[in-house]
Amino acid sequence: MSPLLNPLLALFLRDVRLAIRVGGGGGIGVLFFLIVTVLMPFAIGPDLALLGRIGPAILWLGALLASLLTLDRLFAADHEDGSLDLISMSETPLELAIATKAAAHWLTTGLPLVIATPFLGLFMNLDGTASAAVALTLLAGTPALTFVGLIGAALSVALRRGGLLLAVLVLPLTVPVLIFGVAASNAAIVGPVPFGTPFTILCALTLVSLVVGIFAAAAALRQGME
Amino acid sequence: MPARWAEMRLEGSGLTCVRGGREVFAGLGFSVAGGEALLVTGRNGAGKSSLLRMIAGLVRIAGGQFAVTGVDAEKTIPEQAHYLGHLDALKPSLTVAENLGFWARYLGGGAPPQTALATVGLAALADLPAAYLSAGQRRRLSIARLLAVQRPIWLLDEPTSALDREAQDALAGLMRQHLSGGGLIVAAAHGPIGLERAKELRVGADA
Amino acid sequence: MNLFSSLGPHAAFIVAAYAVAALTVAGLIGWIWIDHRAQKRRLALLEMGGVTRRSDRAAGRPA
Amino acid sequence: MALIDLANPTRFLSLARPTLPWLAGLTAAVFAVGLVLTHGAPDDYQQGATVKIMFIHVPSAWLGMFGWTLMSAAALGTLVWRHPLADVAAKAAAPIGAAFTFLCLVTGSLWGRPMWGTYWVWDARLTSVLLLFLMYLGVIALWRTVEDPSRAARAAAILTLVGAINLPIIKWSVDWWNTLHQPASVVKLGGPAIHPTILLPLMVMALAFTLLFLTLHLAAMRNEILRRRVRTLMLMQAQAAPGSGS
C-alpha cells in the first residue's frame with residue numbers, strides 16, 4: 001500500500017467503524033428519514049393520489065434533511081477530543097483527509113438513505129419505477145448533499161456553534177441539487193422532460209460540489225485554527 | 001543509543017501570538033538543539049499552550065517565524081512533531097489497540113510496534129474499549145502514541161497531569177531516552193517534570 | 001400442489017405473509033442465539049484473563 | 001458506578017436456564033396445533049383465503065401492544081423500585097416488540113394488497129401501528145446511545161411511560177384523521193363478530209405467538225444479564241491494570 005493511501009484507508013476504516021458502533025451504521029439517519037416521510041401524510045391527508053404526485057418531493061426533502069443533520073458531528077466530534085489537531089499534523093494533506101471522512105460519512109449515512117428509499121416509496125404510493133427513479137436520483141444527489149454540508153460542518157466547528165447553524169448555512173447551497181433531483185424523479189414518473197436531462201445536470205452538480213466542498217471545508221478548518 | 005537524528009536545531013524568533021483579538025505574547029524567541037529540552041513556564045493563560053500549538057501549526061503565527069535545521073527539509077515542523085495536548089484524541093468506542101493502531105497508521109504509515117502498549121503498561125487492556133479507561137490510563141495511551149511513531153520534535157503540554165508517581169518517572173525515562181536519541185522536547189509545565197538539564201523560557205507578563 | 005391451489009387467487013400473498021412471519025421469527029431467534037454466543041465467548045475471555053466477579057470470589061469459587 | 005449487586009439477576013439466570021427449553025417446546029407444540037387449525041379454517045365469503053393472513057397479522061398486532069405494555073410495567077419497576085431486573089426486562093423486550101410490530105405492518109400490507117389494490121393505505125389502524133413501530137425504534141435508539149446501563153434504563157423508562165400515555169391519544173387522533181380500516185371486529189362490545197371456526201384458530205395462534213414472545217424475551221433477558229456482566233468485568237479489568245488510581 002503506497003505511503004499516501006495507508007493513512008487515508010486507516011481514517012476511512014476508523015470512521016466507518018465508529019459510525020457502526022456509535023450511530024448504528026447510519027441507523028439514526030434512516031430513522032430520521034423514515035419519521036419525516038411518515039409525518040407528511042398526517043399534514044397533507046391520507047389522499048393517495050395527491051401523495052403519489054408529491055412523493056418524490058417528500059422523499060427528497062426527507063433525505064436532504066437527514067443527510068444534513070447527521071453531518072454536524074462530522075468534524076465536531078474530532079475537534080472536541082483533539083483528533084482534528086493531530087489529523088492536521090500529518091503528511092497527508094487535510095483536503096484528502098476531509099474527502100476520506102466525507103466518503104465514510106456518505107457510505108454510512110447517504111447510502112442507507114438510498115437503500116431505504118424504495119421502502120419509503122410505499123408510504124407515498126409510489127410504484128416500482130417511481131421509487132427506483134427517486135432512489136437513482138438520490139444515489140447521484142446524496143454525495144452532493146454530503147460535500148456541500150461538509151462546508152457547513154467545517155465552518156460550524158470553527159465558529160463553535162454547530163447544530164442548526166450548519167443547516168442555515170448550507171441549505172441555500174443545496175437548492176440546485178434539490179431542484180434537479182426532484183425534477184429528474186418527476187421526469188421519470190410523469191415526463192414530459194426526458195429523465196436524462198435533469199439527471200445529468202444533477203450529476204454535474206455533484207461533481208462540482210465534490211471539488212468545491214473539499215477545498216472550501218479545508219480552508220474553513222485552517223481558518224478556524226484559532 | 002545511536003543518535004537517530006543528525007545535529008538538529010529548532011529556533012523561534014520575534015514570535016507574536018494574537019488569539020481572539022488579545023495579544024497573548026510578542027517578540028518571543030527561543031532556540032533548542034537536538035538532545036536538549038526547553039521548559040516553558042508562566043502563569044496560566046500566559047500563552048504556554050499557545051506557543052506549543054503555534055509550533056505544532058495549530059495556531060496562526062501573528063508575527064515572527066520558526067527555523068529548523070538538520071531535519072528532513074521537505075517536511076514541515078508539524079509533520080515532524082508530536083503534540084501531546086490536554087485532550088487525549090481517543091475514541092471511547094474504539095478499543096485501546098484500535099486507537100493506537102489508527103494513530104500509528106495515520107501519522108506514521110505503519111502498524112505500531114508491539115512494545116508501545118507494554119511500555120506504558122496497557123498491554124493487558126489492548127482489547128478493552130477506551131471508554132473504560134481512567135484519566136491516567138487515557139494519558140498513558142496518548143503517550144504510547146509518541147512511542148508508536150518516531151518523530152524528532154516532542155511538544156508536551158503539561159505531560160504529567162493525571163499521571164501517578166510511577167507513570168511520571170516512566171515518562172521522565174522516555175523523555176531522557178528521546179533526548180539521548182538526538183530528539184528535542186519543548187514542554188509546558190508549572191514545575192520540573194523530571195528533566196534536570198532543561199533550559200527554561202518564561203512566558204507572560206514578566207517575560 | 002393442492003396447497004397452493006386451495007389458497008385461491010391470492011395465494012402468493014398468503015404464502016408471502018407466512019414466509020415473512022417465518023423470516024422475522026427466524027431472524028429474532030438467530031439474533032438472540034448469536035448474541036448469546038458472543039456474550040459467552042467474551043465472558044470466557046475475560047474470566048480466563050483472571051478477572052473474576054466479587055460475588056464469585058465471595059461464593060468461594062476459585063478466583 | 002457502584003458495582004450493583006448482581007445476586008438477584010444471578011438467581012434469575014439459574015431459573016431461566018432450565019425453563020427455557022420447556023417453554024420453547026410448549027411454544028412449538030401450540031404453534032403446530034395453530035398451523036393445523038389455520039390450514040383447516042374455511043374461506044371468508046368476502047376476502048376468500050386471504051383471511052388466513054389475519055392469523056398472523058392480528059396476533060402480531062397484539063404482541064406489538066403487549067410488548068409496549070410489558071416495557072411500561074418494567075419502566076415502573078425501574079423508576080419506582082429501581083430493580084435491575086426491570087431494566088433488563090425493558091431492554092430485552094424492545095427489539096422483540098419492534099420485530100412483531102414490523103411483522104404486523106408487513107402482513108397488513110400483504111393483506112391489504114388484494115383488498116385495496118395498493119401495498120400501503122393510510123388507514124387508521126395500520127398508521128397507528130406504524131407510529132408504534134417508530135416509537136419502538138426510538139426507544140431502541142435511546143438504549144444504544146446511552147453508555148451506562150442504569151442511566152439508559154431510567155431514560156428509556158421515562159420515554160416508554162410517556163409513550164404509553166400517548167398511545168391512546170395517537171390511536172384516537174389517527175382514527176379521527178381517517179376511518180377506512182374495518183372497525184375493531186374482534187374486540188367488539190357484542191363479542192366477536194367473526195365465525196367461531198375462524199375465531200378458534202385465531203385464539204390458538206395468538207396463544208402461540210404470545211408464548212413465542214415470552215420465550216424470546218426470557219432468552220433476550222438472559223443475554224442482557226450476560227452483557228452487563230461482561231461490562232462489569234471489563235470495568236474491573238481496567239481498574240486492576242496500572243494507572244487506574246488517578
Side-chain angles (χ1 to χ4, degrees), chain A residues 1-25 27-28 73-94 96-101 104 108 157-160 218-226, chain B residues 17-22 24 49-50 52-62 72 74-95 98-112 129-131 138 142 145-146 149 151 153 155 157:
Chain A
M1 187 68 75
S2 78
L4 185 63
L5 271 186
N6 202 352
L8 293 178
L9 186 62
L11 182 62
F12 183 81
L13 292 176
R14 181 197 75 149
D15 272 24
V16 167
R17 187 176 290 150
L18 279 175
I20 289 170
R21 285 200 191 154
V22 172
I28 294 295
R73 294 303 302 166
L74 189 64
F75 296 119
D78 283 339
H79 179 71
E80 278 148 20
D81 63 30
S83 305
L84 206 54
D85 293 344
L86 299 184
I87 287 176
S88 66
M89 288 171 67
S90 128
E91 289 153 51
T92 316
L94 193 58
L96 285 183
I98 288 176
T100 311
K101 281 182 77 67
T108 54
V157 161
L159 307 177
R160 301 232 179 342
L221 280 184
R222 284 202 188 89
Q223 176 273 334
M225 293 286 187
E226 268 307 298
Chain B
C17 171
V18 174
R19 294 189 71 173
R22 187 174 61 86
V24 181
S49 297
S50 301
L52 259 60
R53 287 179 70 86
M54 192 183 270
I55 302 172
L58 302 174
V59 160
R60 230 163 15 81
I61 303 168
D72 185 339
E74 295 99 29
K75 288 188 187 171
T76 65
I77 295 179
E79 286 162 20
Q80 300 175 77
H82 270 308
Y83 174 69
L84 187 69
H86 299 301
L87 301 171
D88 294 322
L90 299 174
K91 295 293 179 186
S93 54
L94 294 181
T95 68
E98 282 166 348
N99 269 300
L100 187 63
F102 166 68
W103 287 119
R105 284 188 185 78
Y106 191 78
L107 297 174
R138 274 206 306 278
S142 294
R145 189 177 71 237
L146 274 59
V149 179
R151 287 191 170 190
I153 302 170
L155 306 170
D157 198 342

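Naming: A, B, ... by sequence-line order, numbering from 1 per chain. Both backbone and side-chain heavy atoms feed into the values below; hydrogens, waters and symmetry mates do not.
Partners of B:Tyr83 under the ring pair (Phe, Tyr, Trp, His ring centres under 6.0 Å) rule, at least two apart in sequence or in another chain, do not exist in this structure. In terms of the salt bridge (Lys or Arg N to Asp or Glu O under 4.0 Å) criterion, residue partners of A:Arg14 (sequence neighbours excluded) are, by chain and number, A:Asp78.
There is no contact between B:Ala104 and chain A, counting heavy-atom distances below 4.5 Å. Contact of B:His86 with chain A is not made at all, since no heavy-atom distance falls under 4.5 Å. Contact annotation for A:Ile87: both backbone and side-chain heavy atoms come within less than 4.5 Å of a heavy atom of chain B. Using a 4.5 Å cut-off between heavy atoms, B:Leu90 contacts chain A through its backbone alone, with no side-chain atom that close.
We find the CE-CG distance between A:Met89 and B:Leu155 to be 6.0 Å, quoted to the nearest 0.5 Å. Annotation: the span from B:Phe102 atom CZ to A:Leu18 atom CG amounts to 9.0 Å, rounded to 0.5 Å. Atom CD in A:Gln223 sits 8.0 Å away from atom CZ in B:Arg60 (nearest 0.5 Å). Atom-to-atom distance recorded for B:Arg105:CZ and A:Leu9:CG is 9.0 Å, nearest 0.5 angstrom. Note that CD of A:Glu80 and CG of B:Leu87 are 9.5 Å apart. Values are rounded to the nearest 0.5 Å. For the atom pair OG1 (A:Thr92) and CG (B:Leu107), the distance works out to 8.0 Å, reported to the nearest 0.5 Å.
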task: Check the pair A:Val22 / B:Lys91 against side-chain contact (heavy atoms from CB on, under 4.5 Å), numbers first and verdict last.
output: CA-CA 10 Å; A:Val22 172; B:Lys91 295 293 179 186; over 6 Å; no
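Of the listed residues (A:Ala10, A:Gly82, A:Ser90), the one with the most heavy-atom contacts under 4.5 Å to chain B is A:Ser90. Among B:Pro78, B:Ser50, B:Ala56, the residue with the largest count of heavy-atom pairs under 4.5 Å with chain A is B:Pro78. Of the listed residues (B:Arg145, B:Gln80, B:Glu79, B:His82), the greatest number of heavy-atom pairs within a distance under 4.5 Å of chain A belongs to B:Glu79. If you tally non-hydrogen atom pairs under 4.5 Å between each of B:Glu74, B:Lys75, B:Glu98 and chain A, the highest count goes to B:Glu98.
Pairing each heavy atom of B:Trp103 with each of A:Ser83, the nearest pair is CH2-O, 3.5 Å.
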